[in-house]
Protein chains: 2
Amino acid sequence: MRSLVQGAAPGTPAPSERELVSQFGVARMTVRQALDALVVEGLLERMPGRGTFVARPRRERGQVTSFSEVVARRGQVAESTTVLARLEQAGPGVARALQTDPGAAVVHWKRIRRAGGETICIQDAYLTPETVPGLLDALPESLYQALDRHQLRPTWSEDAIRADLVSDEERTLLDLTGEDPSPVLRVARRALHDERVVEVSSSVYRTDRFTLHLQLGPAN
Amino acid sequence: MRSLVQGAAPGTPAPSERELVSQFGVARMTVRQALDALVVEGLLERMPGRGTFVARPRRERGQVTSFSEVVARRGQVAESTTVLARLEQAGPGVARALQTDPGAAVVHWKRIRRAGGETICIQDAYLTPETVPGLLDALPESLYQALDRHQLRPTWSEDAIRADLVSDEERTLLDLTGEDPSPVLRVARRALHDERVVEVSSSVYRTDRFTLHLQLGPAN
DNA sequence: CAGTGGTCTAGACCACAGT
DNA sequence: CTGTGGTCTAGACCACTGG
């Protein structure tokens, strides 16, 4: 059924409902329900009295994206260097964010992240050990890919974005050479799969090499 | 029909479809379509074999919000002082963003924005004169409310977020007293109603008083 | 087991576009 | 006018859930 839509240019008329009825030998309600699904997906557009047409691709909603995905969208390849990957005892802040108890064992993964060979960001990610078992034994290239494999890709994220000055330690890690105070973007993220917190992270971006782009959608 | 859902606690079972059929004297397909609409709205949840239930309120999607709304959500009142409100000739950047021609007349509205009496942000907003006719003659409290009245509330926005150091001029406007370099959050926004650009703005936020909070939703 | 939602049929009438 | 999608009827069978 999807084949009606696959390669077609936006605005192309779809076969009429009655046409599909006789073509597939089913009831019109059945055809309508199948088309409804495609309309909800944004692939088709109905126009009463005129017909059904291939919709122009809808703009992307504000959705959860990982660093790797953001970089890939720029046409670059994301690389990273692991600075630290170990079990730690959760401090009070991380524990609260991860919905676990202070002192509980949590995975802490700190990376320097690069795009096109240039250092962009320092990221500290925390997750509970059960979320991705064996993560520390075989570090993946992308955390979100690893979450994917466990059907735990974030469906929601809560981000807090601030500007700040870089600290001395961060200055070194970010390859910032000058003496001047350098502004950075700090992003604190809590990523959830349904109601389960799967990742808590804190990232510091070089603002000279990274602008955060967002597309926010309509209320519903 | 909506009344079935209005005040009910999440998890409350709705009447079964067949029950509604006999209660309203309509066909089951009709009941289903009515319920489908509420399911799409996120008010109801179907559970095959069990029944239909009042859904727990879905998390809010990443959606376009105005400064006034953000502040209101904090429980504060947004205030602003107009620094400048006049017609100007569009420069190349503003013209491109507004999809108009360089040199065309555009409305430029510059405000200092406050919340709870504290200065938070400087905002330069640009729009075409036709978007909100008479805007300069009677400045509203909220630009988005004015857009609302013309059925032009933004349905999409494209935001670019950077960290930067405050300029000398901005330092004064933002009531920043110290001598130290102060980091600020710069947000460039292009707000669209469907395909029409209704607002282009550039905002500078005091990061000590403002953190940008986002909730991003699932891919679809 | 009985009750639920999920799906389907084969009709019907309506409001609306375009000719 | 004809053809479109929008809505509706009065049944039917299925897969699933819970007691």
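A note on names: the letters A, B, ... follow the listed sequences, proteins ahead of strands, and every chain is numbered from 1. It should be emphasised that the depicted structure is a prediction, and the values quoted were computed from it without experimental measurement.
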Exercise. Across all strands, who's sitting opposite D:dG11 as a Watson-Crick or G-U wobble pair, both distances under 3.5 Å?
Worked result: C:dC8

Problem set entry | Annotated protein contacts, base or backbone, on nucleotides 3-10 of chain D with a non-hydrogen cut-off under 4.0 Å, one of B, S, - each | BBBBBBBB

Problem set entry | Cationic N near anionic O, under 4.0 Å, B:E45 to B:R50 | no

Exercise. Does any non-hydrogen side-chain atom of A:R111 lie less than 4.5 Å from one of A:L143?
Worked result: yes

For this session: Round to the nearest Å and state the distance from B:L20 atom CG to C:dG3 atom C1'.
Result: 14 Å

Problem set entry | Enclosure of B:R196 CZ (heavy-atom neighbours >12, cutoff 6.0 Å) | yes

Exercise. Can you find a side-chain donor-acceptor pair between B:E199 and B:Y144 that sits under 3.5 Å?
Worked result: yes

Seminar exercise, completed: Between A:L135 and A:P140 the two heavy atoms that sit nearest each other are CD1-CD, 3.4 Å

Problem set entry | Complementary nucleotide of C:dA17, counting Watson-Crick and G-U pairs under 3.5 Å | none

